[in-house]
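For reference, the structure is listed below as structure tokens.
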Amino acid sequence: MPDLLEQLNPEQLAAVTLPRTSALILAGAGSGKTRVLTTRIAWLISTGQASPMGILAVTFTNKAAREMQVRLSAMLTVNTRGMWIGTFHGLCNRFLRAHFRDAGLPQVFQILDTQDQLGLIKRMYKALKVDDERYPARALQYFIAGAKEQGLRPNQVEAFDEHSRRQVELYAAYEDVCQREGAVDFAELLLRSYEVLARNQGLREHYRNRFKYILIDEFQDTNVLQYKWLQLLAGKETSVFAVGDDDQSIYAFRGADVGNMQRFQQDFGPIELIKLEQNYRSHGNILDAANALIKHNLTRLGKNLWTREHQGEPLRVYAAPTDVDEAAFIVDTVKELVESGVNPTQIALLYRSNAQSRVLEHALFNAAMPYRVYGGMRFFERAEVKHALAYLRLLANPDDDGALLRIINFPPRGIGARTLEGLQAQAQAGGASLWHVARANAPAGKAGSSVATFARLIETLRAATTGLPLPEAVEHVIAASGLQAHYGAERDGQERVDNLRELVAAADSFAREAQSGAPSIDETGAPPDALTAFLAHAALEAGDTQAAVGRDALQLMTVHSAKGLEFHTVFVTGLEEGLFPHDNSLNELDGPEEERRLMYVALTRARRRLYLTFAQSRSLHGQFRYNVVSRFLDEIPPALLHWLSAAPANLSAEPPPAWDPDAPAKERSGRTPPSDTGFRIGQNVVHAKFGTGVIVNAEGRGADARVQVNFRNEGLKWLALEFARLEAA
DNA sequence: GTATGGAGCATGTTA
DNA sequence: TGCTCCATAC
């Protein structure tokens with residue numbers, strides 16, 4: 001332990017060893033925030049000031065919680081099992097499972113993810129005949145989440161006009177449905193926990209006495225409800241240790257309120273304020289650029305990063321005539337970097353919006369460079385996994401109408417819309433769940449209707465899985481429900497079958513972890529039963545996004561998802577007015593400043609080398625746009641910049657590079673268009689996957705050339721010549 | 001139930 | 001431009 005302290009700088013040491021007061025740690029990018037957080041916990045425990053039981057540590061993401069957990073178990077020899085370390089939602093889930101009666105919930109309540117929630121709203125719309133045009137389901141979803149994140153129930157939401165009054169009504173109706181089905185959405189986990197604590201003094205006292213130390217990561221991202229929850233949980237004696245960076249607050253759009261940092265100083269005062277400004281990540285020039293940029297924001301708590309490292313290289317700037325040229329430049333540069341020994345996983349291409357990844361991906365694909373795009377479908381969100389989970393959910397909780405509707409006719413078993421309407425009418429009339437009605441329609445032993453068959457299937461599944469270990473139960477359900485066979489028979493179903501198998505594996509490792517007593521960060525480890533715990537786990541930890549394309553892949557992601565990461569080399573791309581800063585943000589309150597913080601996050605991801613690129617024109621949504629360089633480039637001192645191309649007129653005295661906006665892109669970029677494709681209509685060809693066929697049609701030229709091939713076994717297909725490796729037969 | 005086509009739409013995203 | 005959603009057709 002002492003040597004852990006020795007490695008800290010004076011500010012870090014001060015923060016780690018603060019006496020038992022509340023404190024706000026302003027931790028700049030790369031200043032060792034996680035280290036301070038974990039070392040403080042380790043210090044508190046190893047010096048005997050706190051027991052593991054007395055510690056509550058909250059993060060936003062599972063990843064952060066996991067990292068904290070891992071680092072802690074490396075630092076401590078004592079059992080960390082009693083500690084409450086997890087995400088806000090994970091901890092609230094744990095709390096509600098323990099106090100489900102006080103919370104007015106069934107023990108097996110199900111957690112709705114965003115998809116499930118939207119589905120529930122749409123179902124409710126049908127039942128109530130709500131005009132989806134006037135009240136889009138999406139909009140209501142935001143409305144509800146927004147209200148809950150403010151800590152507001154329907155009767156507390158102020159509605160001044162007809163439209164919002166109706167939304168409040170729908171919010172109330174939504175709550176009824178959730179309650180009836182035993183469903184809890186993400187925001188509800190927090191709100192419900194908050195209310196239980198607020199209303200139950202005994203419970204509140206209990207937890208206040210228990211958690212003497214509360215630590216919060218990424219405090220700038222907390223919303224109103226999370227802050228109120230914290231206030232309830234922290235008694236007079238509690239030491240609240242909040243770590244955050246107002247300059248990295250980039251989630252106001254989803255309810256985060258940086259104001260919590262100022263508020264904290266008043267509400268929890270008097271507090272200690274410590275700034276961690278020494279950066280261990282980047283070279284000097286990178287930090288200088290970031291500091292200069294962020295100074296343009298007026299509402300800051302104030303902080304200036306510095307480093308003991310060298311100044312390093314200047315930031316390299318490249319102005320491309322078009323987005324295609326920008327991508328080409330990046331590909332060429334990355335190639336050189338990799339040849340010079342930089343690991344591709346240490347190179348990141350960042351962009352403001354996901355749509356920008358396409359051009360980059362296209363160029364990388366053509367250059368046969370492995371890359372990985374972050375974001376997109378996560379494992380537990382895939383349709384086939386959702387279906388399997390729905391069977392399990394119905395087994396765990398028969399009132400879960402959402403789960404039933406998802407699977408009653410999947411795989412198809414002849415239960416159509418009409419039958420369903422009948423069931424729903426009956427259910428509504430009797431105030432019963434769909435399962436209740438379905439089973440009543442199908443007296444045991446009586447063959448006949450398709451609903452009866454379904455009801456018997458579920459009964460059989462329930463009987464067969466009762467008492468089985470979790471992974472075996474999951475496996476049985478996947479097989480006996482017909483899901484496996486259904487996907488197995490599908491032409492492109494192999495991946496889905498694999499995912500179902502993967503689900504069994506996930507259940508297996510979940511069960512093992514729970515059994516081994518390894519601390520589970522999502523706090524579902526102490527369950528009413530293994531199945532319910534696993535279902536909660538699936539909702540709370542949606543899993544990884546798509547895997548890498550090849551190994552040693554280049555990293556592509558939005559600036560938002562780059563937060564918290566670092567790379568040897570970073571390309572910040574698309575630095576154009578309208579894109580970054582984004583048009584839509586400019587009218588928002590605090591919008592431009594949030595965009596600047598986003599740029600600040602982007603810059604501070606780089607350790608050694610930073611490229612800033614932009615295109616003077618790009619096609620977006622099928623339209624060509626001519627853009628002006630981002631204001632953010634103007635805000636970086638010119639002395640830190642090294643132009644790899646001529647700087648545009650609005651940034652320097654040099655003339656912009658000569659180019660003709662009307663000329664085709666290929667000519668402008670100086671690259672020769674690919675020569676003749678070498679294929680003719682009527683020619684016989686071979687494709688690696690589709691076999692032999694004949695070219696029947698063609699269109700486009702150069703990189704866009706496509707041919708239509710009539711394959712012997714696969715039929716007609718359009719293929720892009722650039723991608724499909726077609727060979728003459 | 002699936003295949004097709006047209007309309008509408010297009011910041012960011014964790015749990 | 002390219003996708004997602006829904007309605008319509010078979």
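Any value given below was found using the heavy atoms of this structure, including those in side chains, with hydrogens, waters and symmetry copies removed. So that the names make sense, note that chain A is the first sequence line, chain B the second, and so on, each numbered from 1.
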Show me the protein contacts with nucleotides 5-10 of chain B, counting only N or O atoms at under 3.5 Å.
unit_1 : atom_1 : unit_2   : atom_2 : d
B:dA10 : N3     : A:His621 : ND1    : 3.2

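Residue contacts shown for A:Ser619 are absent, as no nucleic acid heavy atom lies under 4.0 Å away. Using a 4.0 Å heavy-atom criterion, one finds that A:Ser585 contacts the bases of the nucleic acid, with or without backbone contacts as well. Residue contacts for A:Gln226: at a heavy-atom cut-off of 4.0 Å it reaches no nucleic acid atom on any strand shown.
In terms of phosphate contacts, A:Thr114 brings no side-chain nitrogen or oxygen within less than 4.0 Å of OP1 or OP2 of B:dA15. Applying the 4.0 Å criterion to OP1 and OP2 of B:dT11, one finds that A:Asn354 has every side-chain N and O outside that range. The side chain of A:Arg378 contributes an N or O atom lying less than 4.0 Å from OP1 or OP2 of B:dA15.
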### Contact state string [nucleotides 2-10 of chain C, B base, S sugar-phosphate only, - no protein heavy atom under 4.0 Å]
S--------

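Taking the side chain to side chain contact (heavy atoms under 4.5 Å, CB included) definition, one finds that A:Thr419 meets it with A:Ile415, A:Val451, sequence neighbours left out. A:Leu565 pairs by the side chain to side chain contact (heavy atoms under 4.5 Å, CB included) definition with A:Lys63, A:Met557, A:Phe567, not counting sequence neighbours. For the side chain to side chain contact (heavy atoms under 4.5 Å, CB included) test, residues two or more places apart in sequence or in another chain that qualify with A:Ala539 are A:Ile111. In this view, A:Lys228 satisfies the salt bridge (Lys or Arg N to Asp or Glu O under 4.0 Å) rule with no residue, not counting sequence neighbours.
A:Thr322 and A:Asp325 share a donor-acceptor pair across their side chains, judged by distance under 3.5 Å alone. Using modelled atom types, one finds a donor on one side chain and an acceptor on the other under 3.5 Å when comparing A:Glu218 with A:Gln220.
Comparing A:Phe60 and A:His582 by the nucleotide of DNA chain B whose heavy atom lies nearest to each, the residue mapping closer to the 5' end is A:His582.
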